[in-house]
Amino acid sequence: MPKTKIFCDIADSKTIKEFNKKTIVDGFTTNPSLMRKAGAKSYEKYSKLLLKICKKKPISLEVFSDNINEMEKQALIINTWGKNIYVKIPVINSKGKFTGQLIKRLNKKKIKLNITAVYTVSQVKKINKCLDNRTKSIISIFSGRMADAGKDPVPIIKKAVQITNGKNRVEILWASTREPYNYVQAQKLGCQIITVPPKIIEKISNFGKSFDQLTKDTVKGFLVDSRKSNFKI
Ligand code: G3P
């Protein structure tokens, strides 16, 4: 089974600079909330700053209009900013309207897309029908947010990988990663990409400690804290 690629889920320019150098990182994903958190004032200027730092690895930049025609205009403009861009399109707008026709039009124009905010198998089936296999595209399934809502993302990712199996240019991305073990799960499911916050990428880089070592580290940690607090009975 091919390795699951690790993308870094961040919009902060300094972090992108640091993580762009790491071989473990194959690309980047952003979203409007991450852009806001990074302090972006002008979406265009900030995106172009990120593109100056990350020139080769794929980077997803999302449209932010709620109007489908406006989304299309934004997608066409964003796409002109660089060759390594995947234009991120939400599967629906906030009123629940499926963006399928827009996805089809952009896909026909050979624009690389990342279809985002996906939660169900039925959405994956509908999106898959809108994507031909000439242009690379990504379907981002928000596993962590599902788990936050008490739902198991594993069967959904598994089915999504099966649905898109015949199309080698359509990749399933495990989004909203919550813990390092999600990488192992994504790999087992044959998920092509996982997007991971920087802190969790560092933990994945340190995978491999033995149970013996983990026991020692755990006990040592408790001992150090007990001594620091000068606990006595
Ligand atoms: O970038 C998409 C996704 O990974 C966001 O994750 O942590 O906001 O649920 P989160």
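First listed ligand is number 1; within each ligand, the first listed atom is number 1. The analysis underlying the following values was restricted to heavy atoms, covering all of them including side chains, and did not include hydrogens, waters or symmetry mates.
If you check the side chains of Asn182 and Thr177, you find no donor sitting under 3.5 Å from an acceptor. Asn168 and Asn133 share a side-chain donor-acceptor pair at under 3.5 Å.
In this structure, atom 7 (O) of ligand 1 lies nearest to the protein heavy atom Arg178 NH1, 3.0 Å. In this structure, the protein non-hydrogen atom closest to atom 9 (O) of ligand 1 is Arg145 NE, 2.7 Å. For atom 2 (C) of ligand 1, the nearest non-hydrogen atom of the protein is Phe142 CZ, 3.4 Å. Closest to atom 6 (O) of ligand 1 among all protein heavy atoms lies Ser176 CB, 3.1 Å.
With a 4.5 Å cut-off on side-chain heavy atoms, Ile139 and Val91 do not count as touching.
Salt bridge status for Lys14 with Glu18: absent, with no side-chain N to carboxylate O gap under 4.0 Å.
At least one N or O atom of Asn31 sits closer than 3.5 Å to an N or O atom of ligand 1. Of the polar atoms of Thr30, none of the N or O atoms is found under 3.5 Å from an N or O of ligand 1, judged by distance alone. For the pair Thr177 and ligand 1, the shortest N or O to N or O distance does not fall below 3.5 Å.
Residue Lys88 touches ligand 1 through its side chain alone, judged by heavy-atom distances below 4.0 Å.
Proximity of a side-chain donor or acceptor of Thr120 to a complementary backbone N or O of Gln123 within less than 3.5 Å is detected.
Remark: ligand 1 atoms within the under-4.0 Å shell around heavy atoms of Thr195 are 4 (O).
The residue from Asp9, Asp148, Asn114 that puts a heavy atom closest to atom 1 (O) of ligand 1 is Asp9.
Residues passing the side-chain contact (heavy atoms from CB on, under 4.5 Å) test with Leu223, sequence neighbours excluded: Arg227.
When all heavy atoms are compared, the tightest approach of Lys57 to Asn20 is NZ-O, 2.9 Å.
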